[in-house]
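A short worksheet on the structure shown next.
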Amino acid sequence: MHVHIVPFGVGLAVVNALAETFEVRSDNGVCSWQKAYRAGLPVGSGTAPPSGSTGTRIIFEPPSGARPPDLAELRDHFVDQAHLHPGLRLSLNGEEFHGPQGLLGLALQAYTGDVQAAQTLWHRQEFDGFRLHVALVGEGAGTRTRSWVNGAETTSGGSHVEGLERALRAAGWTPELQFLSVVMDDPKFAGPTRAELAVPGMAGRVEKAMAAALRAQRK
C-alpha cells in the first residue's frame with residue numbers, strides 16, 4: 001500500500017536515479033538507519049545515533065538544469081496531504097502543515113457559510129485492506145465533491161464517490177461539501193490518469209459504511 005504526496009508522481013526509485021544526491025534517514029526513537037546515493041548509485045549506509053525524533057526524512061538534490069517546482073502548487077498539495085493523513089506533519093519553506101481534524105478541517109476551510117451553524121459529519125473507518133475517510137459539511141442544492149485514492153485526487157470521482165452519494169440520497173442529505181478519501185491495497189482506475197476509481201464492490205462497501213455512520217449521527 002502506498003500514498004502519493006503529489007499527483008502523477010513517478011516514485012522514489014526514479015527520483016533517486018535522476019537526482020544528483022539522495023539521502024534517506026529513518027528513526028524509531030532508539031536507533032537510526034541511513035543510506036546515501038549519488039547519481040542513483042549507493043555511496044554509504046549504516047546505523048547512526050538516534051536523532052531524538054521518530055520518522056523518515058528524505059533529502060535530495062535535483063539534477064542541474066531541472067525546472068524548479070511550482071511552490072504555490074506544492075503548498076496546496078501539502079495542505080491536502082496534511083488533512084488526508086491527520087498524523088502527518090509537513091513543512092515547506094519554514095511553514096508547517098498539520099490537519100488534526102482531517103478532511104473535516106479541510107472542508108471547513110472551504111466552507112463559505114456559518115461554520116458554527118453548519119451540519120457536519122466526520123467519519124473514519126478501517127477495514128481489511130481498506131481505509132475510509134469522509135467529511136460532510138453544510139447543505140445546499142449544489143454539492144462540491146473532492147475525492148482521493150491513496151493520496152492522489154480522483155477528479156472524476158468513481159466507485160467510492162458513487163457509494164457515498166447512494167448513502168446520502170437514502171438519508172435525504174445533500175451536503176454543500178463532500179470530501180472523501182480511500183486508501184487501499186490494490187486500486188484500479190478507469191483510465192491511465194487515475195482520475196476515476198473503478199473497483200468492483202467498492203460502491204457497496206462505502207454505501208454500507210456511510211449509511212451506518214449517517215444513522216448513528218441521527219440518534
Side-chain angles (χ1 to χ4, degrees), residues 1-106 109 122 124-133 135 146-154 179-187 189 193-194:
M1 183 182 293
H2 64 281
V3 299
H4 304 270
I5 295 296
V6 295
F8 314 118
V10 295
L12 289 179
V14 176
V15 172
N16 179 24
L18 296 176
E20 298 283 350
T21 61
F22 185 94
E23 298 179 13
V24 58
R25 175 170 178 152
S26 185
D27 290 274
N28 63 6
V30 178
C31 62
S32 175
W33 175 88
Q34 59 186 10
K35 192 169 183 67
Y37 298 82
R38 185 174 296 277
L41 300 176
V43 293
S45 64
T47 58
S51 64
S53 62
T54 60
T56 299
R57 185 178 186 186
I58 296 170
I59 304 171
F60 70 93
E61 180 184 354
S64 57
R67 180 175 65 87
D70 184 327
L71 293 181
E73 181 180 357
L74 188 58
R75 182 187 183 281
D76 289 343
H77 287 307
F78 275 29
V79 170
D80 288 350
Q81 294 300 319
H83 288 87
L84 284 165
H85 312 288
L88 182 65
R89 290 181 182 271
L90 299 169
S91 61
L92 178 67
N93 288 345
E95 184 179 6
E96 186 173 272
F97 307 95
H98 180 217
Q101 286 186 289
L103 285 181
L104 179 60
L106 188 64
Q109 289 180 22
W122 182 28
R124 300 173 70 193
Q125 187 169 345
E126 188 162 344
F127 306 83
D128 182 20
F130 164 45
R131 293 203 302 270
L132 176 66
H133 186 179
R146 293 190 69 189
S147 63
W148 296 262
V149 173
N150 289 24
E153 189 160 9
T154 45
F179 288 9
L180 165 66
S181 167
V182 294
V183 177
M184 54 194 307
D185 290 331
D186 186 24
F189 299 93
T193 61
R194 299 185 308 209

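We count residues from 1, following the sequence as given.
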For [X] and [Y], which heavy atoms make the closest approach, and how far apart are they?
X	Y	answer
Ile59	Arg57	CD1-NE, 3.7 Å
Leu180	Leu132	CD1-CD1, 3.4 Å
Lys35	Pro42	NZ-CB, 4.0 Å
Trp122	Leu103	NE1-N, 4.1 Å
Ala82	Leu90	N-CD1, 4.3 Å
Ser32	Arg25	OG-NE, 2.8 Å

Ignoring hydrogens and angles, tell me if any N or O in the side chain of [X] forms a donor-acceptor pair with the backbone of [Y] under 3.5 Å.
X	Y	result
Asp76	Val79	no
Asp185	Phe130	no
Glu20	Ser64	yes
Ser147	Thr154	yes
His98	Pro86	yes
His83	Gly105	no

Considering only heavy atoms from C-beta outward, does the side chain of [X] approach that of [Y] to under 4.5 Å?
X	Y	value
Glu23	Gln34	no
Thr47	Cys31	no
Phe127	Met184	no
Asn16	Phe60	no

How long is the gap from [atom1] on [X] to [atom2] on [Y], to the nearest 0.5 Å?
X	Y	atom1	atom2	answer
Asn28	Thr54	CG	OG1	8.5 Å
Arg146	Asp80	CZ	CG	4.0 Å
Leu106	His133	CG	NE2	9.0 Å
Arg131	Leu84	CZ	CG	11.0 Å

Practice task
Tell me, please, which residues at least two apart from Glu126 pass salt bridge (Lys or Arg N to Asp or Glu O under 4.0 Å).
Solution key: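 Salt bridge (Lys or Arg N to Asp or Glu O under 4.0 Å) list for Glu126, sorted by chain: empty.
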
Problem - Which residues share a side-chain contact (heavy atoms from CB on, under 4.5 Å) with Thr56, sequence neighbours left out - result: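 Applying side-chain contact (heavy atoms from CB on, under 4.5 Å) to Thr56 gives Val24, Ser26, Ile58.
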
Practice task
Give the ring-plane orientation class for Phe179 versus Trp148, where under 30° counts as parallel, over 60° as perpendicular and anything between as tilted.
Solution key: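 Ring orientation of Phe179 relative to Trp148: perpendicular.
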
